[in-house]
Amino acid sequence: MATDELSMKLNRRLKIEEGAQDPVAMDEAHENGAHDKPSTASADSELEAKLMRRGELNEGVGEHQQPSMKVFNPYTEFKEFSRKQIKDMEKMFKQYDSEKDNFIDLMELKLMMEKLGAPQTHLGLKNMIKEVDEDLDGKLSFREFLLIFRKAAAGELAEDSGLHVLARLSEIDVSTEGVKGAKTFFEAKVQAINESNRFEAEIRNEQEEKKRQAEQKKQRQAAFKELQSAFK
């Protein structure tokens, strides 16, 4: 029994010296009775995979894996717009995204404004991007592009601002007629109706007041004539 154990140890030492087995892995396998792959081999494979991945990235073959992010869905986030409106905005966005990188940078925005017949200064273009650039990357994503039309429809853009001009000249109808249930737009619509009703009510009150004043004047004149006839 001792001879067999000694022979097994000698064979293991010989394999270790020849580099055929990892000493730690062999001991663990012997103790646990398992036949797992050596840990060193696993680490080498992982390192090799990482080096291959880095080589692909350097050569432009692979793509950088971004951290998992929430998928942007314009139809659920921008419910105030109809599908047709969003499709029109997407078409316009892609039309001026000349580099096809899903962004509109400063030069692409410059071309867009020139095509719309409202060229802007370099500073003006930077201010346009800054107004909706939520991630501060100096360019417009499609979501940020949609924010322009949200702000325009909500009346949040100054009339002389570049973004207001863009939204107005884009020929994309963002009136409340196409609104589908967004709270802010619904409230704006209700407010507009209330203001219209209030305006009409004020006109009716003014007309009724004028009628009442005319009737009172007529009554005073009749009373005065009656008084005059009494002294004749």
Sequence neighbours excluded, which residues qualify as side-chain contact (heavy atoms from CB on, under 4.5 Å) partners of Asp135?
Asp133, Asp137, Glu144

In chain order, what residues pass the side-chain contact (heavy atoms from CB on, under 4.5 Å) check against Gln216, with sequence neighbours excluded?
Arg212, Arg220

Mind checking what makes side-chain contact (heavy atoms from CB on, under 4.5 Å) contact with Gln120, not counting sequence neighbours?
Met113, Ala118, Leu125, Met128

Lys/Arg N to Asp/Glu carboxylate O, Lys211 vs Glu215, below 4.0 Å:
no

Non-neighbouring partners of Glu208 that pass side chain to side chain donor-acceptor pair (under 3.5 Å), sequence neighbours left out
none

Answer yes or no: are there more than 12 heavy-atom neighbours, outside Gln213 itself, under 6.0 Å from its atom CD?
yes

Less than 4.5 Å apart, any side-chain heavy atom of Ser170 and any of Phe149?
yes

With sequence neighbours excluded, what pairs up with Arg168 under the side-chain contact (heavy atoms from CB on, under 4.5 Å) test?
His164, Val165

For a quick test of your reading: what N or O donor-acceptor pairs under 3.5 Å do the side chains of residues 87-95 make, sequence neighbours left out?
residue: Lys87; atom: NZ; partner: Tyr75; partner atom: OH; Å: 3.3
residue: Asp88; atom: OD2; partner: Lys84; partner atom: NZ; Å: 3.0
residue: Glu90; atom: OE2; partner: Lys94; partner atom: NZ; Å: 3.3

When you compare the side chain of Pro74 with that of Leu146, does any pair of heavy atoms fall below 4.5 Å?
yes

What's the shortest heavy-atom distance between Leu140 and Ile148, and which atoms?
CD1-CD1, 4.3 Å

Are His122 and Leu106 side-chain neighbours, meaning at least one heavy-atom pair lies under 4.5 Å?
yes

Looking at side-chain heavy atoms only, is the closest gap between Lys115 and Tyr96 below 4.5 Å?
yes

